[in-house]
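One-based numbering, in listed order, for ligands and for the atoms of each.
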Amino acid sequence: MNHLKKALGSVAVGTALAGSLFSCKPANKAEASLTKKKNRPNVLFIMTDDHAYQAIGAYGSKINKTPNLDRLANEGMRFDKAYVTNSICGPSRAVVLTGKYSHMNGKLDNRIPFDGSQQTFPKLFQKAGYQTAIVGKWHLYSEPTGFDYWNILPGQGEYYNPDFIEMGERKRLTGYCTDLTTDIALEWLDKKRDSGKPFMMMLHHKAPHRSWQPAERHLNLYDDQKIPEPETLFEDYKKRGGASAISEMSIVDHMRDGHDLKLEKKHASSSGNKWHDNSLERLRKRMNEAQRKAWENAYGPKNEAYAKANLKGEALLKWKYQRYIKDYLRCIASVDENIGRVLEYLEKKGQLDNTLIIYTSDQGFYLGEHGWFDKRFMYEESFRTPLLIRYPKLVKPGSVSKEMCMNLDFAPTMLDIAGLDIPWDVQGESMKPLLANAGVVPDSVEWRNSMYYHYYEFPGSHNVSRHYGVSDGKFKLIRFYKGAVSWELYDLENDPKEMKNLYNDPAYAKHISRLKKELKRLQIKYKDPASVGVPAKG
Ligand code: SGN
Ligand code: CA
């Protein structure tokens with residue numbers, strides 16, 4: 001059924017494109033396959049780490065500008081309902097590579113190493129004659145497989161003078177991670193690849209991951225501005241009860257003074273946080289003299305002013321939010337500039353319009369909503385992820401899709417657009433029909449009406465209870481089954497900020513029973529052992 005659906009989708013798109021893409025009809029089969037080969041697009045998959053859609057101009061950001069990402073949206077398609085299956089780094093990367101849920105690819109949480117012997121989409125591109133590469137964050141612990149070239153950050157990587165592992169060889173580079181990652185990618189594109197073949201490159205930035213260390217040139221960006229606060233910044237998450245109450249991702253309570261807020265020991269926050277890290281000390285050791293000076297000049301006077309102000313209560317939270325969000329946005333400024341460099345390069349080489357460019361993040365992030373940072377929960381800010389796709393041969397510039405898409409769909413979409421077969425066991429759907437039809441599902445194609453989510457890393461950092469759930473875009477039902485065991489139901493249309501759990505309201509009993517059935521249906525469809533009550537072990 002699934003694959004009949006895909007076939008139908010491809011037929012519809014193929015017909016729509018026949019006139020525009022392949023205007024001179026090839027005479028015979030061999031010639032047709034040659035034409036197909038010649039027309040194979042390059043693929044550039046760009047992924048950042050923890051980049052919230054709330055911090056992208058094209059998504060209506062109230063807090064920053066991202067001209068280069070906006071260019072991708074203006075010249076391509078923006079997806080307003082792009083979601084992840086498991087909102088955390090390593091697992092999300094494994095879903096992208098395999099097009100399969102975590103329980104199928106084995107990467108349930110950040111701690112389990114990825115099994116690189118399994119089928120991945122880079123391997124399929126490589127087999128089909130593409131040159132394949134991955135540069136930047138990897139975070140899967142096993143060595144990359146399926147790549148002709150790889151140059152990755154060990155683990156989470158560092159912002160300043162990071163180590164990179166190039167095809168097994170570890171080297172420390174001088175400079176800022178986002179710039180260096182781009183330098184490496186451009187060098188491979190320009191000098192190191194076989195330019196007789198199309199390329200598939202995964203360009204993965206560490207930024208804007210915690211602890212949000214900006215580049216020297218951005219250390220004073222936003223200094224004279226107050227970044228708008230989200231409406232729910234002052235929500236007392238403890239009052240929500242359940243999984244929220246036991247989580248540890250509050251800006252005021254759980255950010256670390258040195259590591260996150262860049263305060264020196266002598267400036268330690270008045271919130272009662274104990275001084276318990278040596279992150280700044282380690283960072284200084286890593287930096288060179290010029291970097292240390294720039295850092296001191298930027299944070300020194302601001303920290304002195306903070307110490308004098310002796311802030312408490314709401315004022316302290318406001319200060320911490322500003323420190324956090326400004327550093328986070330400064331890291332995004334470097335991402336945006338570097339994406340501009342890549343677009344410029346491809347344009348100069350005449351490859352821009354022949355390259356399928358995907359921009360996304362490994363998940364969304366809380367930018368102070370509910371008083372939080374981090375991700376993991378199935379609530380919208382972290383369940384959703386930004387998704388921009390530019391490929392003018394298929395996509396109408398400036399179009400917007402409101403269809404439910406998932407990171408599960410990225411692999412089949414790339415394979416489909418490159419004209420490669422989608423293996424039967426891939427669980428995602430090709431988004432090509434949507435891309436070719438201004439973001440809307442064509443009549444000939446069936447599309448999902450609901451999405452399944454499953455998060456596993458509990459116990460773990462930030463103490464987010466294990467949960468699975470289903471969303472149909474109107475309602476969301478979540479089952480927290482380990483940690484703070486409970487059910488939650490949200491009415492997404494009337495309560496988009498998910499402030500009121502309706503699970504115990506008898507007026508919603510019908511919705512609950514419908515969604516429970518749908519949850520079960522999806523668990524069976526995706527072969528999640530949770531469907532028989534035994535979720536996989538992390
Ligand atoms: C680190 C961070 C956490 C974060 C995880 C996972 N702490 O442990 O805040 O949730 O990574 O992030 S830190 O103090 O070490 O920065 S993920 O994006 O890699 O999944
Ligand atoms: Ca992440």
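Not counting sequence neighbours, the partners of Asp409 by the side-chain hydrogen bond (donor to acceptor under 3.5 Å, both in side chains) test are Arg448.
Ring-centre distance between Tyr83 and Tyr453: not below the 6.0 Å cut-off. Separation of the Tyr455 and His467 ring centroids falls under the 6.0 Å cut-off. Ring pair Tyr141/His139: centre-to-centre distance below 6.0 Å. Taking the ring centroids of Trp372 and Phe377, they lie under the 6.0 Å cut-off. Taking the six-membered ring wherever Trp is involved, the centroid distance between the rings of Tyr366 and Phe373 does not fall below 6.0 Å. Between His209 and Phe365, the ring centre distance reaches or exceeds 6.0 Å.
Each of the following atoms of ligand 1 lies closer than 4.0 Å to a heavy atom of Lys137: 19 (O). Close approach of ligand 1 to Arg376 (heavy-atom distance below 4.0 Å) involves ligand atoms 4 (C), 5 (C), 6 (C), 10 (O). Less than 4.0 angstrom separates some heavy atom of His139 from each of these atoms of ligand 1: 19 (O). Interface of Asp374 with ligand 1, defined as ligand atoms under 4.0 Å from a residue heavy atom, comprises 4 (C), 9 (O), 10 (O). Short contacts between ligand 1 and Arg256, defined as distances under 4.0 Å to a heavy atom of the residue, involve ligand atoms 14 (O). Taking every non-hydrogen atom of Gln363 and a distance limit under 4.0 Å, the qualifying atoms of ligand 1 come out as 18 (O).
Of the protein's heavy atoms, Ser461 OG, 4.2 Å lies nearest to atom 8 (O) of ligand 1. Regarding atom 17 (S) of ligand 1, its nearest protein heavy-atom neighbour is Cys89 CB, 3.1 Å. Nearest protein heavy-atom neighbour of atom 3 (C) of ligand 1: His462 NE2, 3.4 Å. Summary of contacts: the protein heavy atom closest to atom 11 (O) of ligand 1 is Gln156 NE2, 3.0 Å. Considering only non-hydrogen protein atoms, atom 6 (C) of ligand 1 sits nearest to Asn110 ND2, 3.4 Å. Of the protein's non-hydrogen atoms, the one nearest atom 7 (N) of ligand 1 is Arg210 NH1, 3.3 Å. Distance from atom 14 (O) of ligand 1 to its nearest protein heavy atom, with residue and atom name: His259 NE2, 2.7 Å.
Nearest heavy atoms, Pro228 versus Tyr321: O-OH, 2.7 Å.
Taking the six-membered ring for Trp and thresholds of 30 and 60 degrees, Tyr481 and His454 have ring planes more than 60 degrees apart, a perpendicular arrangement. Ring geometry for Trp188 versus Phe199: interplanar angle over 60°, hence perpendicular rather than tilted (30 to 60°). Using bins of under 30°, 30° to 60° and over 60° for the plane-to-plane angle, the ring pair His204/Phe45 lands in the perpendicular bin.
Proximity of Asp260 to ligand 1, defined as any heavy-atom pair under 4.0 Å, is not found for any part of the residue.
Between the side chain of Asn303 and the main chain of Lys262, a donor-acceptor pair closer than 3.5 Å is present.
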Lys137/Asp362 under salt bridge (charged side-chain N to carboxylate O under 4.0 Å, His left out): CA gap, chis, key distance, verdict: CA-CA 11 Å; Lys137 188 158 176 186; Asp362 61 344; 5.4 Å; no
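Around the Ca ion (ligand 2), the protein atoms of type N, O or S that sit closer than 3.0 Å are Asp49 OD1, Asp50 OD1, Asp362 OD1, Asp362 OD2, Gln363 OE1.
In terms of polar-atom proximity, defined here as any N/O pair under 3.5 Å, Lys375 does make such a contact with ligand 1. For Phe373, no nitrogen or oxygen atom sits less than 3.5 Å from a nitrogen or oxygen atom of ligand 1, counting backbone and side chain alike.
Expressed to the nearest 0.5 Å, how far CE of Met104 lies from CD of Gln427 amounts to 5.0 Å.
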